[in-house]
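Notes to accompany the following structure.
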Amino acid sequence: MKAETLTYLAEILDQLPDQWPKTRIHNIVFHGHSVPAGYFATPRVDMENAYPAVVRREVLSRFPFAILNFIVTAIGGEHSETGAARFEEEVLCHNPEILFIDYGLNDRMIGLERAEAAWRSMIEKALAKGIKVILLTPSWDNNFFKQNEDWKALEAHAELIRRLADEYGVGLSDTFAAFEKYVEKGEDAVNLLSHVNHPSRLGHELIAREITKFFLAR
């Protein structure tokens with residue numbers, strides 16, 4: 001069963017209100033593809049408005065005494081297999097306490113079976129080191145408007161990620177469902193996109209909102 005949002009990070013969050021000289025460094029890593037890397041309308045990159053930066057600002061406002069390093073190891077165009085291949089050298093080397101993984105959007109390039117193996121590899125290596133892992137379901141792309149095979153594949157990858165969160169008992173930040181709820185309220189999905197497959201600032205804010213649910217101030 002997936003981890004409980006309000007309690008999954010409790011042990012870490014309990015330390016964040018500590019003031020100097022009790023404070024210590026906490027590393028948080030965002031690993032994935034172009035979305036956490038900060039790509040908007042390709043080739044434009046705007047890291048300060050991408051969701052890792054939005055999360056950073058919100059979390060620091062909730063924990064003003066904490067020393068938090070927000071590290072982005074995401075690479076545009078990458079899928080989970082290549083992300084898994086560099087996982088030890090470029091992710092675990094940062095000794096993160098919290099790790100976010102976001103590859104669902106690009107994993108359609110390699111299919112469900114290969115993606116599942118790559119996600120399992122990263123999850124298991126992180127858990128073996130005591131890292132709190134939070135998986136992200138994919139943000140949307142313009143295939144939503146076509147409801148084609150690519151869209152069905154994206155839905156399937158979202159379900160895979162949910163299943164992995166349940167199986168490993170790790171956190172789940174359900175971006176896909178957040179976008180779905182936005183549209184169900186009668187809003188236009190166009191507002192969530194800045195490019196055929198990249199979120200707008202609003203889209204990044206919705207992703208960040210799901211993530212910051214894990215960081216309830218103590």
Inset, instruction - Could you go through the side-chain hydrogen bond (donor to acceptor under 3.5 Å, both in side chains) check for Glu97 and His26 one step at a time? - result: CA-CA 7 Å; Glu97 288 183 276; His26 303 269; 2.6 Å; yes

Legend entry - Side chain to side chain, Pro36 and Tyr51, heavy atoms closer than 4.5 Å: yes

Legend entry - Minimal non-hydrogen separation, Asp141 against Leu193, with atom names: C-CD1, 4.0 Å

Inset, instruction - With rounding to the nearest 0.5 Å, note down the distance linking CD in Glu90 to CZ in Phe87. - result: 11.5 Å

Inset, instruction - Indicate yes or no: at least one non-hydrogen side-chain atom of Lys146 is less than 4.5 angstrom from one of Asn142. - result: yes

Legend entry - Within-4.5 Å side-chain heavy-atom neighbours: Phe145 and Val190: yes

Legend entry - Aromatic ring proximity His157/Tyr103, centre distance under 6.0 Å: no

Inset, instruction - Kindly indicate, with the supporting measurements, whether the criterion side-chain contact (heavy atoms from CB on, under 4.5 Å) is fulfilled by Leu160 and Arg163. - result: CA-CA 5 Å; Leu160 167 64; Arg163 176 165 59 83; 3.1 Å; yes

Inset, instruction - Locate the shortest heavy-atom distance separating Leu127 from Tyr168; write the atom from each residue and the value. - result: CD1-CD2, 4.0 Å

Inset, instruction - Describe, in one word, how the ring planes of His198 and Tyr39 are oriented to each other, choosing from parallel (under 30°), tilted (30 to 60°) and perpendicular (over 60°). - result: tilted

Legend entry - Hydrophobic cluster membership, Ile12 vs Leu216, 4.5 Å side-chain cutoff: no

Legend entry - Hydrophobic cluster identity match, Met47 and Ile75, side-chain contacts under 4.5 Å: no

Legend entry - Heavy-atom side-chain contact between Asp18 and Phe65 under 4.5 Å: no

Legend entry - Heavy-atom pair with the smallest gap, counting every atom of Gly77 and Asn106: C-ND2, 3.5 Å

Legend entry - Neighbour count >12 (heavy atoms, 6.0 Å) for atom CD, Glu184: yes

Inset, instruction - For the residue pair Leu136 and Ile211, establish whether any side-chain heavy-atom pair is separated by less than 4.5 Å. - result: yes

Legend entry - From Leu135 atom CG to Ile161 atom CD1, the distance as rounded to the nearest 0.5 Å: 7.0 Å

Legend entry - Over all atoms of both residues, closest heavy-atom pair of His33 and Gly104: NE2-N, 4.1 Å

Inset, instruction - With rounding to the nearest 0.5 Å, note down the distance linking CZ in Phe63 to CG in Leu68. - result: 8.5 Å

Inset, instruction - Spell out, as yes or no, whether a donor-acceptor pair under 3.5 Å connects the side chain of Gln15 to the backbone of Glu11. - result: yes

Inset, instruction - Give a yes or no on whether the backbone of Phe176 and the side-chain of Thr137 come within a donor-acceptor separation of less than 3.5 Å. - result: yes

Inset, instruction - Kindly indicate, with the supporting measurements, whether the criterion side-chain contact (heavy atoms from CB on, under 4.5 Å) is fulfilled by Glu180 and Glu155. - result: CA-CA 11 Å; Glu180 195 170 47; Glu155 291 179 313; 5.5 Å; no

Inset, instruction - Answer yes when Glu205 and Arg209 have at least one side-chain N-carboxylate O distance shorter than 4.0 Å, and no when they do not. - result: no

Legend entry - Gap between atom CD1 of Ile101 and atom CH2 of Trp119 - 0.5 Å precision: 6.0 Å

Inset, instruction - Flag yes if more than 12 heavy atoms outside Glu124 fall under 6.0 Å of its CD atom; otherwise flag no. - result: yes

Inset, instruction - Measure across Ile207 and Ser139 and return the closest heavy-atom pair with its distance rounded to 0.1 Å. - result: CD1-CB, 4.1 Å

Inset, instruction - May I ask you to decide if Asn27's main-chain N or O and His94's side chain share a donor-acceptor pair within less than 3.5 Å? - result: no

Inset, instruction - Taking all heavy atoms of Tyr8 and all of Ala3, pick out the closest pair and write down the distance. - result: CD1-CB, 3.2 Å

Inset, instruction - Look only at the side chain of Thr212 and the backbone of Ala208, and say whether a donor-acceptor pair between them is shorter than 3.5 Å. - result: yes

Legend entry - Test side-chain contact (heavy atoms from CB on, under 4.5 Å) applied to Met109 and Glu81, step by step: CA-CA 10 Å; Met109 293 187 287; Glu81 266 187 350; over 6 Å; no

Legend entry - Steps toward side-chain contact (heavy atoms from CB on, under 4.5 Å) verdict (Arg218, Leu16): CA-CA 8 Å; Arg218 316 305 272 176; Leu16 300 189; over 6 Å; no

Legend entry - Hydrophobic cluster identity match, Leu9 and Leu60, side-chain contacts under 4.5 Å: yes

Legend entry - Electrostatic pair Lys125-Glu88, nearest N-O below 4.0 angstrom: yes

Inset, instruction - Salt-bridge test for Glu167 and Lys2: reply yes if a basic N is under 4.0 Å from a carboxylate O, no otherwise. - result: no

Legend entry - Among Val54, Asp46, Asn191, Leu192, side-chain contact (heavy atoms from CB on, under 4.5 Å) partner for Arg201: Val54

Inset, instruction - Please say which of Ile98, Asn69, Ile134 ends up in a side-chain contact (heavy atoms from CB on, under 4.5 Å) with Ile28. - result: Ile98

Legend entry - Arg62 side chain to Phe215 backbone, donor-acceptor under 3.5 Å: yes

Inset, instruction - Measure the acute angle between the ring planes of Phe30 and Phe70, then classify it against the limits of 30° and 60° as parallel, tilted or perpendicular. - result: parallel

Legend entry - CG-CE distance between Leu164 and Met122, expressed to the nearest 0.5 angstrom: 10.0 Å

Legend entry - Verdict with reasoning, Arg108 to Asp150, per salt bridge (charged side-chain N to carboxylate O under 4.0 Å, His left out): CA-CA 8 Å; Arg108 288 172 293 182; Asp150 279 342; 5.1 Å; no

Inset, instruction - Can you measure from OG1 (Thr5) to CZ (Phe214) and round to the nearest 0.5 angstrom? - result: 4.0 Å

Legend entry - Asn148 (side chain) donor-acceptor with Trp151 (main chain) under 3.5 angstrom: yes

Inset, instruction - Consider only side-chain heavy atoms of I, L, V, M, F, W and Y, link residues closer than 4.5 Å, and tell whether Val170 and Met1 are in one cluster. - result: no

Inset, instruction - Give a yes or no answer on whether the side chain of Asp107 reaches the backbone of Ser80 with a donor-acceptor pair at less than 3.5 Å. - result: yes

Inset, instruction - Would you indicate whether the side-chain heavy atoms of His31 and Leu99 approach each other to under 4.5 Å? - result: yes

Legend entry - Joint cluster assignment, Val29 & Leu92, ILVMFWY side-chain distance < 4.5 Å: yes

Inset, instruction - May I ask you to decide whether Lys152 forms a salt bridge with Glu149, counting only side-chain N to carboxylate O separations under 4.0 Å? - result: yes

Inset, instruction - Using a 4.5 Å cut-off on heavy atoms from C-beta on, say whether the side chain of Lys181 contacts that of Glu187. - result: no

Legend entry - Check against salt bridge (charged side-chain N to carboxylate O under 4.0 Å, His left out), Glu89 and Arg86: CA-CA 6 Å; Glu89 291 185 358; Arg86 61 186 181 88; over 6 Å; no

